[in-house]
Amino acid sequence: MERVLLGDEALAQAAIDAGLSCAYGYPGTPSTEIMEYLIAHSAADGFKAMWCTNEKTAYEEALGASLAGKRALVTMKHVGLNVAADAFVNSALLSIHGGLVMCVADDPGMHSSQNEQDTRALAMFAKVPVFEPVTQQQTYEMTREAFEVSERFGVPVIIRMVTRIAHSRASVRTAESRPQNPLDKSTDRPGWMLLPATAKRNWARLLGKEKDMIAFAESSANNRLNLVAGSRLGIITGGLGYNYFKENAADLKEEPSHLHIGFYPLPAALIRKLYDSVDEILVLEEGYPIIEEKLCGILGAGKPIHGKLDGTVVRTGELTPDNVREALGLPKRPHAAIDVSDVTVPRPPALCKGCPHADSYAAIKAALKDFPQSLVTSDIGCYSLGALPPHSAIETIVCMGASVGMAKGASEAGLYPVVATIGDSTFLHGGMTALLDCVQNNPDMTLVILDNSTVGMTGGQPTMIPSSRFEPLIRGLGVDPAHIRTIVPLPQQHEKNTEIIKEEINYHGLSVIFSVRECIETAKRKARKTK
């Protein structure tokens, strides 16, 4: 069958066709559409797919499914892998039973992320295989193969996506689906218990698997070497570097030898063959100079190796046909001169008109106007846009949950008053454990949970618990009930809300304020459905 799919959707469909039983994830652009597709198809195709509290819990749930012999998929964006890293790195030492595949969608160029880290780095650290597709068709085929490789070597496998593949569409040919694995609990008990004695044996076993996986990489159709007799230049491509090289290759005076790497660990023998046949090498890879750095260890000192480390290829942002063209030594393509005099000033992202966060920030700013040494920490979500004019209401954005811990540390260092702002889903994801530290030490700070009843920034996925269950949760964590307050962020409630925030600022201890009003966009969506 042939169908037009996003790269994310091609991956999801491939997992279904590969006999998927369970899928878990946390929303994060550019990976979100994978789980949305799976959830939409789960009932009809007879598998489980669900959002989880965070990436770590998602990965651990997938491990349980694998132990039971079932095939499982985990989805997240690149910074989400930081959250799952504890479970992920340790899981490389386990005896993976049912195929366990993790799709991590990287965001070179930081279109919607706070960094552009490269998932391949952590995968190599953990010593697990990585597939890196460059088309939607290859995404489908690699995903199906990834489950097979996971079960063959007994390790988790990563599929590294990037924004341009995840969020673009192409025609994809799907193949006949296979049935789900039968329930078959793993009998390798030591292989699932990382006590020091068993972990040592499992580590030695993983190192033995690494040799087998390198041999597999040497023969993989995803790693393709084309040697051109007499070529002076050798090109190594990774990820979208392949597409952009091919787009410019016809303009080169001489055809270079070319090695494309789509499966890791690195195929050392193929790299050596390329090196021995050329005078110098240029590496074109999307993301960090992972391949380029490894070449020095494989090849040693000798012929020139060009890439991101010597400035031949741009180090930040995405690869493009134009910057690859420049790295290949080709002149710039002719282009039309554009008169930009009538072009309007670029419009930065902004909170939606009527967003409850705008009213929350207005009340917080009003409550703090007489405190020149105040601090407002914040987090990852729609409310991050409160950093921009006209709000200019927050001062820190680091990672999921950091607002709570940073507020505690700033307060204990002597800043006053300190207010932390965090979304409802982000609080459940990464803020609860930091709040437990606050309960234990009672710092002089106020936490404002911006409860809009959805995961707004990634498109309106459901929060793990409804608003009505938040206050009992906070009470259960040990916050003084007298200092758990609720406000409704509306313009007509501004004075009242400001006064409540002032009261909690003046209380020298831990307080929590819920600012509760549904996201304006999800409210509109519900209203349309009821018509």
Legend entry - Test item: Val74 and Val101 side chains (from C-beta on) under 4.5 Å apart, heavy atoms: no
Inset, instruction - Examine the side chains of Glu55 and His429 and answer whether a donor and an acceptor come within less than 3.5 Å of each other. - result: yes
Legend entry - Distance in Å, Met50 CE paired with Leu38 CG, rounded so as to fall on 0.5 Å steps: 11.0 Å
Inset, instruction - Can you measure from OG1 (Thr143) to CG (Leu73) and round to the nearest 0.5 angstrom? - result: 8.0 Å
Inset, instruction - Look only at the side chain of Glu132 and the backbone of Ile159, and say whether a donor-acceptor pair between them is shorter than 3.5 Å. - result: no
Inset, instruction - Could you tell me whether the side chain of Asn90 and the main chain of Asp86 form a donor-acceptor pair under 3.5 Å? - result: yes
Inset, instruction - May I have the step-by-step check of salt bridge (charged side-chain N to carboxylate O under 4.0 Å, His left out) for Glu285 and Lys308, ending in yes or no? - result: CA-CA 9 Å; Glu285 54 187 315; Lys308 297 189 175 187; over 6 Å; no
Inset, instruction - Over all heavy atoms of both residues, which pair between Ser150 and Gly99 is shortest? Give the atoms and the distance, please. - result: OG-CA, 3.6 Å
Inset, instruction - Check whether any side-chain heavy atom of Asp322 lies under 4.5 Å from a side-chain heavy atom of Arg333, and answer yes or no. - result: yes
Inset, instruction - State whether the number of non-hydrogen atoms from other residues, nucleotides or ligands found under 6.0 Å of Glu326 atom CD is greater than 12. - result: no
Legend entry - N/O donor-acceptor pair under 3.5 Å between Lys70 side chain and Cys22 backbone: no
Legend entry - Any donor-acceptor N or O pair under 3.5 Å, side chains Tyr244, Thr237: no
Inset, instruction - Output, in order, the C-alpha distance, side-chain angles, deciding distance and verdict of salt bridge (charged side-chain N to carboxylate O under 4.0 Å, His left out) for Lys526 and Glu518. - result: CA-CA 11 Å; Lys526 288 178 183 177; Glu518 186 178 6; 2.9 Å; yes
Inset, instruction - State, yes or no, whether a side-chain contact exists between Glu141 and Gln136 at a heavy-atom distance under 4.5 Å. - result: no
Inset, instruction - Go through Phe153 and Phe216 one step at a time and tell me if the ring-ring contact (aromatic ring centres under 6.0 Å, His included) criterion holds. - result: CA-CA 10 Å; Phe153 293 106; Phe216 181 84; 5.7 Å; yes
Legend entry - Under 3.5 Å: donor-acceptor pair, side chain of Asn115, backbone of Gln117: yes
Legend entry - Donor-acceptor pair between Ser453 and Ser467 side chains, under 3.5 angstrom: yes
Legend entry - Where Tyr288 and Arg120 come nearest, the two heavy atoms and their spacing: O-NH2, 3.0 Å
Legend entry - Val104 side chain near Lys77 side chain, heavy-atom distance below 4.5 Å: no
Inset, instruction - Show your working on salt bridge (charged side-chain N to carboxylate O under 4.0 Å, His left out) between Arg164 and Glu318 and close with a plain yes or no. - result: CA-CA 9 Å; Arg164 297 294 176 184; Glu318 297 176 285; 2.8 Å; yes
Legend entry - Nearest-0.5 Å distance, CE of residue Met76 to CD1 of residue Ile34: 10.0 Å
Inset, instruction - With side chain to side chain contact (heavy atoms under 4.5 Å, CB included) as the test, would you mind laying out the steps for Phe147 and Leu20 before giving the verdict? - result: CA-CA 9 Å; Phe147 284 101; Leu20 180 70; 4.3 Å; yes
Legend entry - Backbone N/O of Gly7 and side chain of Thr139: donor-acceptor pair under 3.5 Å: no
Inset, instruction - Please tell me if the side chains of Asp251 and Arg325 come closer than 4.5 Å, counting only heavy atoms from C-beta onward. - result: yes
Inset, instruction - Keeping the roles fixed (side chain from Arg169, backbone from Leu5), state whether a donor-acceptor pair exists under 3.5 Å. - result: no
Legend entry - Pair Arg144 + Glu148: basic N to acidic O under 4.0 Å: no
Inset, instruction - If the plane angle is over 60° it's perpendicular, under 30° parallel, otherwise tilted; pick one for His357 and Tyr361. - result: tilted
Inset, instruction - Would you name the heavy atoms of Ile422 and Gly431 that are closest together and state the gap between them? - result: CD1-CA, 4.1 Å
Inset, instruction - Classify the angle between the aromatic ring planes of Phe427 and Phe470 as parallel (below 30°), tilted (30 to 60°) or perpendicular (above 60°). - result: tilted
Legend entry - Exercise: do Asn452 and Thr454 side chains pair donor with acceptor under 3.5 Å: no
Legend entry - Thr312 OG1 to Leu284 CG distance, which is reported to the nearest 0.5 Å: 9.5 Å
Inset, instruction - Rounded to the nearest 0.5 Å, what's the gap from CD on Gln13 to CE on Met1? Could you check? - result: 8.5 Å
Inset, instruction - Look at the side chain of Asp106 and the backbone N and O of Thr119, then say whether any donor-acceptor pair between them is shorter than 3.5 Å. - result: yes
Inset, instruction - Would you mind reporting whether Leu63 and Ile96 have side-chain heavy atoms less than 4.5 Å apart? - result: yes
Legend entry - Donor-acceptor contact below 3.5 Å, side chain Tyr383 vs main chain Gly423: yes
Legend entry - From CA spacing to verdict: side chain to side chain contact (heavy atoms under 4.5 Å, CB included), Leu282, Val313: CA-CA 9 Å; Leu282 172 65; Val313 181; 4.0 Å; yes
Legend entry - Donor + acceptor pair across side chains of Asp17, Tyr140 (<3.5 Å): yes
Inset, instruction - For Ser360 and Ser515, test the side chains for any donor-to-acceptor distance below 3.5 angstrom and give the result as yes or no. - result: yes
Inset, instruction - Validate the cation-pi geometry between Arg224 and Tyr242: distance from NZ or CZ to the six-membered ring centre under 6.0 Å, angle to the ring axis within 45°. - result: yes
Legend entry - For Ala166 against Pro30, the heavy-atom pair lying closest together: CB-O, 3.5 Å
Legend entry - Heavy-atom pair with the smallest gap, counting every atom of Met161 and Cys103: CG-SG, 3.6 Å
Inset, instruction - Check the pair Leu270, Glu218 against side chain to side chain contact (heavy atoms under 4.5 Å, CB included), reporting the backbone distance first and the verdict last. - result: CA-CA 7 Å; Leu270 295 180; Glu218 300 289 355; 3.4 Å; yes
Inset, instruction - Check whether the side chains of Asp310 and His306 place a donor and an acceptor atom closer than 3.5 Å, and report yes or no. - result: yes
Legend entry - Sidechain-backbone polar pair: Glu145 side chain, Met142 backbone, donor-acceptor under 3.5 Å: no
Inset, instruction - Please assess His260 against Phe245 for the test ring-ring contact (aromatic ring centres under 6.0 Å, His included), listing each intermediate value before the final yes or no. - result: CA-CA 10 Å; His260 176 69; Phe245 164 63; 9.9 Å; no
Inset, instruction - Please examine the side chains of Leu259 and Ile235, heavy atoms only from C-beta on, and report whether any two atoms are closer than 4.5 Å. - result: no
Legend entry - pair Gln461-Glu36: side-chain heavy atoms closer than 4.5 Å: yes
Inset, instruction - Say whether Asn222 and Ser220, considering side chains only, have a donor N or O and an acceptor N or O under 3.5 Å apart. - result: yes
Legend entry - Check: Phe514 main-chain N/O paired with Asp451 side-chain donor or acceptor under 3.5 Å: no
Inset, instruction - Would you please test Thr377 and Thr421 for side chain to side chain contact (heavy atoms under 4.5 Å, CB included) and show each step? - result: CA-CA 6 Å; Thr377 61; Thr421 62; over 6 Å; no
Inset, instruction - Of all the heavy-atom pairs spanning Pro129 and Val149, show the shortest one and how long it is. - result: CG-CG1, 4.4 Å
Inset, instruction - Check step by step if salt bridge (charged side-chain N to carboxylate O under 4.0 Å, His left out) holds for Arg71 and Glu151. - result: CA-CA 9 Å; Arg71 289 188 165 184; Glu151 291 175 352; 2.9 Å; yes
Legend entry - Side-chain H-bond candidate by donor/acceptor type, Asn243 with Glu247, under 3.5 Å: no
